[in-house]
**Q** 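This is the structure I want to talk about, given as structure tokens.
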Amino acid sequence: MAKNVTANSEDYLRMYRQMVRIRTFEDNANQLYLTAKMPGLTHMYSGQEAVAVGICEALEKTDHITSTHRGHGHCVAKGAEFKEMFCELLGKAEGYCRGKGGSMHIADQANGNLGANAIVGGSAGIATGAALTAKRLGNGAVTVCFFGDGALGQGLLYEVMNMAALWKLPVIYACENNLYGEYTHVSEMAAGKLGGRAEAFGIEAFEVDGQDVLAVNQLTQELVARARKGEGPFFMALNTYRYHGHHVGDINRTYYRSKEEEADWKDNRDPITNFGAWLVKENIANAEDLDAIQAEIKAAATNAVTYALDAPYPPADEVDSHVFAA
Amino acid sequence: MAKNVTANSEDYLRMYRQMVRIRTFEDNANQLYLTAKMPGLTHMYSGQEAVAVGICEALEKTDHITSTHRGHGHCVAKGAEFKEMFCELLGKAEGYCRGKGGSMHIADQANGNLGANAIVGGSAGIATGAALTAKRLGNGAVTVCFFGDGALGQGLLYEVMNMAALWKLPVIYACENNLYGEYTHVSEMAAGKLGGRAEAFGIEAFEVDGQDVLAVNQLTQELVARARKGEGPFFMALNTYRYHGHHVGDINRTYYRSKEEEADWKDNRDPITNFGAWLVKENIANAEDLDAIQAEIKAAATNAVTYALDAPYPPADEVDSHVFAA
Amino acid sequence: MREITLSQAVNEAIAEEMRRDETIFLLGEDVAEAGTPFKILSGLVEEFGTDRIIDTPISEPGFAGIAVGAAMTGSRPIVDLMFGDFLFLVMDQLCNQAAKTHYMSGGKLNVPMVLRTNMGATRRSAAQHSQSLHTLVAHIPGLKVAMPSSAYEAKGLLKSAIRDNNPVVIFEDKLMYQDKAEVPEEEFLIPLGQAHVKREGSDITFVAISSMVQIAESAADMLAADGISAEIVDPRTIVPLDEETILNSVKKTSRVLVVDEGHQSFGVSAEIAARVAEKAFYYLDSPVMRMGAMDVPIPFSPALEDLTVPTAERVYELARQAVRGEI
Amino acid sequence: MREITLSQAVNEAIAEEMRRDETIFLLGEDVAEAGTPFKILSGLVEEFGTDRIIDTPISEPGFAGIAVGAAMTGSRPIVDLMFGDFLFLVMDQLCNQAAKTHYMSGGKLNVPMVLRTNMGATRRSAAQHSQSLHTLVAHIPGLKVAMPSSAYEAKGLLKSAIRDNNPVVIFEDKLMYQDKAEVPEEEFLIPLGQAHVKREGSDITFVAISSMVQIAESAADMLAADGISAEIVDPRTIVPLDEETILNSVKKTSRVLVVDEGHQSFGVSAEIAARVAEKAFYYLDSPVMRMGAMDVPIPFSPALEDLTVPTAERVYELARQAVRGEI
Ligand SMILES: Cc1ncc(C[n+]2csc(CCOP(=O)(O)OP(=O)(O)O)c2C)c(N)n1
Ligand SMILES: Cc1ncc(C[n+]2csc(CCOP(=O)(O)OP(=O)(O)O)c2C)c(N)n1
Ligand SMILES: [Mg+2]
Ligand SMILES: [Mg+2]
């Protein structure tokens with residue numbers, strides 16, 4: 001793990017906190033599901049924290065992101081609060097989307113999160129369009145489009161990468177390669193080289209260890225700076241891993257990946273453990289500091305969950321509001 | 001122009017004839033349109049003859065092609081007859097599709113032409129599916145998917161190229177780069193390198209002079225042979241030019257390409273003139289032979305046009321037949 | 001008779017047909033080892049191999065297009081579209097290509113393919129995983145559209161769809177996959193275009209589609225307690241639509257309520273209502289009624305989602321008012 | 001008053017709105033120097049530059065998606081979709097994304113975009129360039145759908161659509177681009193959701209959409225010669241639908257014929273017929289009638305194509321029979 005050129009202790013600790021916040025959020029969401037308190041399905045981001053945090057810490061609030069079905073991590077990393085997030089996951093009126101979106105559509109436009117998307121690859125156009133607005137307004141904003149390796153199957157991505165390249169749009173395509181789309185390995189879904197798919201359009205492509213928050217952050221900082229100067233678009237492949245099944249509760253599918261593989265990633269490549277160790281080694285924090293951070297975040301999450309469980313559902317008459325904007 | 005390894009005089013003369021047949025067909029179609037005898041619109045293949053002929057002469061009747069809105073050339077090259085083609089263009093009952101398809105949907109399934117397509121890029125899936133059938137049946141058939149440079153904008157192409165590569169399908173993607181999609185230059189529509197878009201999926205890509213029928217034929221023969229052995233898919237970029245406007249009658253748009261450019265291609269790179277000269281130089285034919293071929297084809301076309309103009313329309317009760325197959 | 005789930009019925013239909021006809025293959029996302037996320041296809045890859053049960057990348061337009069081309073050249077592909085909401089992604093291949101090829105070729109090319117997908121809300125799956133989009137394809141000439149209402153229909157219609165020489169879209173209600181029904185062990189087919197009078201009655205006709213048949217049955221039970229006799233017609237396929245059976249029922253009962261889970265406006269219920277209003281007009285004693293899903297994207301919140309789809313209570317209430325002449 | 005073509009009306013509407021609001025831009029294929037194949041947008045790139053009149057690659061799903069994202073972030077894009085038949089390619093971006101974003105975000109995100117496209121057969125353009133697909137988008141909650149019937153409506157509705165904070169799809173009949181109508185020089189808007197009684201009458205109501213208004217007018221003229229008085233209602237937008245104006249007309253005339261160029265089955269005409277059959281039932285003297293395009297892919301052959309769409313003669317004939325009580 002290499003020190004960032006531009007980051008200081010405070011930045012490091014914030015990255016650590018944000019990764020822990022994501023992990024803690026997901027642990028609670030998982031628990032809510034397993035105890036049948038959460039309706040529907042949700043997809044856990046645990047294991048991929050360094051991607052969302054490394055990237056979003058390189059962005060301003062006024063920069064945009066688009067997210068995926070596995071979107072809690074992006075949402076937290078871009079600045080969202082636990083309370084409104086849990087309310088949304090439980091379909092409550094105080095949720096970010098008044099309970100209408102749920103896990104798969106959580107959005108937080110105040111922090112520049114244009115929303116999760118339940119159509120794999122579905123937000124590639126949205127991200128590119130946000131970058132077009134930024135370019136036209138000349139406001140310097142950059143958009144990051146998060147998507148999984150599975151989304152490489154969607155033709156839309158190639159259409160918009162082509163236009164982004166032709167028009168030099170300030171957008172970064174961030175492909176989180178966690179090796180699987182549902183129960184299928186990336187090698188069965190994607191021929192050729194991942195980065196080659198962007199290079200085909202003349203887009204510079206990068207590959208980075210998605211478990212190393214500093215590496216992710218460093219690269220993103222560089223690309224964001226270049227994108228702001230009009231040198232975009234860019235493509236990043238981030239190698240990472242999801243700890244849970246494809247969705248919560250989906251744990252009994254052993255045929256598509258081995259227990260050994262899972263253990264290896266969790267034991268040896270955990271982004272939080274490794275970054276924590278680095279912080280201690282570099283004397284930026286000691287073990288007690290990290291424990292305290294963890295405890296504080298755990299308590300905050302518990303509070304938010306309790307709050308959300310008690311919070312009211314939207315009133316029935318909201319069912320047909322927000323179909324059309326005034 | 002380099003002699004083909006495998007072709008003999010008869011093959012050469014057939015290629016010449018087929019190119020002349022296409023040019024003559026289009027001249028007649030153009031005339032029909034300009035004299036208001038042809039309904040609707042049509043897109044002239046003139047100038048691109050060496051592509052369709054070079055490729056189709058390397059195919060068997062049992063091989064498949066899919067075609068485009070600019071599809072007369074493919075149709076002739078794959079073995080269709082003038083009479084049924086003109087009948088189709090005029091909406092007559094004896095047309096290949098009983099007048100229901102017209103120029104933009106002409107198909108000739110007996111010769112393996114799965115049809116023109118009025119959706120740019122729309123047949124990429126069809127061609128790939130035909131190749132999947134061939135692979136499953138193990139019948140050795142190869143499919144060629146014709147499309148223009150403009151179709152590189154369609155995401156569908158990338159989806160199916162990916163699957164073709166993953167599944168090693170016997171399909172050849174033949175991109176006819178005539179430099180324009182309607183009134184827009186390829187450089188404004190396609191970022192990066194054309195071939196790179198196939199290489200991104202691990203597909204071998206080739207570029208060839210699309211005005212040189214022998215070069216096209218030679219390359220296609222090699223690729224077809226390899227595809228039959230299971231070494232496909234392949235991608236070919238064929239550099240060519242369309243002589244007419246985007247569609248018949250569309251002649252007054254000078255802003256998107258120069259008269260000099262048009263003249264250069266017509267005067268110096270015409271596939272028929274050049275191949276004719278080569279045939280004479282190589283003593284395969286003399287000028288009189290070629291004139292005789294041209295005259296004979298011209299007469300055949302005139303006959304077919306006359307026939308088609310007099311042929312009956314489909315009866316009214318066919319309007320709702322063929323919606324569903326029995 | 002033995003009872004099996006709708007999911008098993010689908011699995012059996014595919015297995016039986018694949019045994020019968022080598023040209024059939026199936027493709028879609030996670031259909032092989034995973035047997036789909038709903039585990040509907042479990043076991044098929046073991047019997048038929050990865051050559052015939054083909055896992056695809058996440059490329060709906062692409063593999064739908066591949067199916068069209070395969071179907072045009074002698075294969076009989078079955079496309080598994082994981083959620084009905086993804087229909088929007090394959091519309092061009094389905095509606096511009098598959099639906100029109102036979103016609104555009106003057107009858108020379110066929111596209112014998114089946115696209116299996118699902119529909120249905122109240123699974124807390126939110127706006128992009130809850131839609132019932134059968135109207136969209138029903139509107140496009142050249143596509144047949146089947147709407148099984150139980151395991152029995154699911155099997156019989158799917159087998160017919162696979163044998164049909166046209167593109168057929170079949171919508172399974174995802175809430176019904178575990179519902180059991182009596183399904184004969186012996187081979188049977190249900191022809192496309194033949195409605196089924198699920199229950200006979202005399203006061204009002206319910207035309208109910210897919211899982212709405214169950215809703216109609218509950219409503220009919222409630223009405224029976226009031227002494228009102230409801231007839232239930234299940235069209236089973238909406239294209240072709242067995243207009244005759246529907247009209248005969250309405251002519252007998254003189255009242256009709258069409259129940260469908262698609263959005264009400266511009267939906268399937270409108271077509272059936274319009275046909276009745278045109279062709280059984282003089283037999284009607286009260287306005288032609290219909291009930292579809294509300295014209296809103298399906299909300300995630302359980303508190304809201306349940307309000308959006310027809311329920312037995314609301315069907316009962318509306319029917320009762322109609323029969324009592326209160327409408 | 002001055003007369004201009006529908007094509008000029010569209011051009012003026014865009015130019016006026018773009019002058020007024022810097023956040024508006026337009027994108028599509030060959031929209032800049034070429035001004036579209038129909039030359040509708042000629043001159044705009046000269047005034048507004050390639051920054052605001054943007055030529056795209058042939059990537060309908062892609063640029064539709066880009067419009068959605070641009071609209072979510074403060075732009076007001078106008079998408080030019082060269083043929084209505086290409087709607088199938090953008091359905092996911094339009095129906096899963098644009099239509100649902102405002103609702104799914106609980107009202108926090110808006111998608112103020114316009115998608116302009118066309119419709120209409122009898123141009124000998126065959127099955128993939130002749131469809132009238134407005135029903136498909138009308139069925140999806142969250143989209144507004146405008147159907148201008150003349151240059152006047154084209155201008156007034158498009159200006160309203162551009163100012164609307166929702167995704168609006170507007171269908172122009174491609175046979176009407178050169179048709180002239182009176183259009184004021186002064187600025188005006190036509191609100192979305194307000195039908196227009198194009199002609200008053202007492203014996204039968206024609207609800208006619210887009211170019212079918214002209215067909216209805218010819219039919220009404222023919223009926224007048226028979227002493228039959230037809231009223232013509234032009235809904236102008238089908239979402240929102242001005243049900244009240246339609247019902248009031250039917251209540252007055254007691255007969256209705258809905259005329260639309262979309263395929264008849266599962267089409268817009270069914271929705272309007274069903275609403276009348278439900279809400280004006282007791283006022284009706286004869287069955288609710290409708291006429292759409294035949295349920296066939298549009299054939300190329302002129303001998304067949306002209307049979308597929310409603311004509312004034314057939315509208316006249318049907319209406320006459322209805323008024324005479326022969327139906
Ligand atoms: C268009 C579309 N097709 C299929 C699905 C079903 N689906 C949901 S997540 C998923 C896998 C996505 O894989 P990837 O993009 O790698 O993201 P990951 O789940 O690994 O984070 C699939 C197939 C969907 N939601 N949308
Ligand atoms: C999906 C789609 N978009 C747009 C069009 C309109 N259109 C017809 S041909 C054409 C240009 C195609 O360019 P190219 O693929 O290079 O083929 P060429 O005309 O040069 O042979 C366009 C934009 C179409 N038919 N289909
Ligand atoms: Mg993945
Ligand atoms: Mg071209």
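Chain identifiers are assigned alphabetically (A, B, ...) following the order of the sequence lines, protein sequences preceding nucleic acid strands; residue numbering begins at 1 within each chain. Both backbone and side-chain heavy atoms feed into the values below; hydrogens, waters and symmetry mates do not.
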**Q** Do the non-hydrogen side-chain atoms of D:P57 and A:L166 ever get within less than 4.5 Å of each other?
**A** yes
**Q** Enter the distance from A:M163:CE to D:F63:CZ here, rounded to the nearest 0.5 Å.
**A** 7.0 Å
**Q** With a 6.0 Å cut-off (strictly less than), is the heavy-atom count around CD of D:E187, excluding the residue itself, greater than 12?
**A** yes
**Q** So how far is it from D:S105 OG to A:L114 CG, rounded to the nearest 0.5 Å?
**A** 10.5 Å
**Q** Let me confirm one number: the CG-OG1 distance from A:N117 to D:T101, rounded to the nearest 0.5 Å.
**A** 8.0 Å
**Q** Identify which part of A:L132 has an atom lying under 4.5 Å from any heavy atom of chain D, answering side chain, backbone, both or neither.
**A** side chain
**Q** Provide the full list of side chain to side chain donor-acceptor pair (under 3.5 Å) pairs with a residue in residues 43-59 of chain D, sequence neighbours left out, each pair given once.
**A** D:R19-D:E47
**Q** What's the separation between atom OG1 in A:T133 and atom CZ in D:F25, rounded to the nearest 0.5 Å?
**A** 6.0 Å
**Q** Checking A:I106 against chain D: side chain, backbone, both or neither under 4.5 Å from a heavy atom?
**A** neither
**Q** So, taking the atom named NZ in A:K100 and the one named NZ in D:K100, what distance separates them when rounded to the nearest 0.5 Å?
**A** 14.0 Å
**Q** Determine, for A:Y96 and D:K108, whether the Lys NZ or Arg CZ falls below 6.0 Å from the six-membered ring centre while staying within 45 degrees of the axis.
**A** no
**Q** What part of D:V239 lies closer than 4.5 angstrom to a heavy atom of chain A: side chain, backbone, both or neither?
**A** side chain
**Q** Between A:A127 and chain D, with a heavy-atom cut-off of 4.5 Å, which part of the residue counts as in contact: side chain, backbone, both or neither?
**A** neither
**Q** With a 4.5 angstrom heavy-atom cut-off, could you sort out which part of A:D108 is near chain D: side chain, backbone, both or neither?
**A** neither
**Q** Counting heavy-atom pairs closer than 4.5 Å to chain D, which one of A:V160, A:L169, A:T66 comes out on top?
**A** A:V160
**Q** Rounded to the nearest 0.5 Å, what separates atom CD in D:Q93 from atom OG in A:S123?
**A** 9.0 Å
**Q** Answer whether the closest heavy-atom distance between the side chains of D:P61 and A:E159 falls below 4.5 Å.
**A** yes
**Q** At a heavy-atom distance under 4.5 Å, which candidate from A:N162, A:L157, A:L156 has the highest pair count against chain D?
**A** A:L156
**Q** I'd like to know whether D:E22 forms a side chain to side chain contact (heavy atoms under 4.5 Å, CB included) with A:R136, so could you lay out the CA-CA distance, the side-chain angles of the two residues, the decisive distance to 0.1 Å, and finally the verdict.
**A** CA-CA 10 Å; D:E22 269 290 330; A:R136 281 206 58 234; 4.1 Å; yes
**Q** If the contact rule is any heavy atom under 4.5 Å from chain D, which residues of residues 309-326 of chain A qualify, in numerical order?
**A** A:E318, A:V319, A:S321, A:H322, A:V323, A:F324, A:A325, A:A326
**Q** Sort D:I54 into side chain, backbone, both or neither according to what part of it lies under 4.5 angstrom from a heavy atom of chain A.
**A** side chain
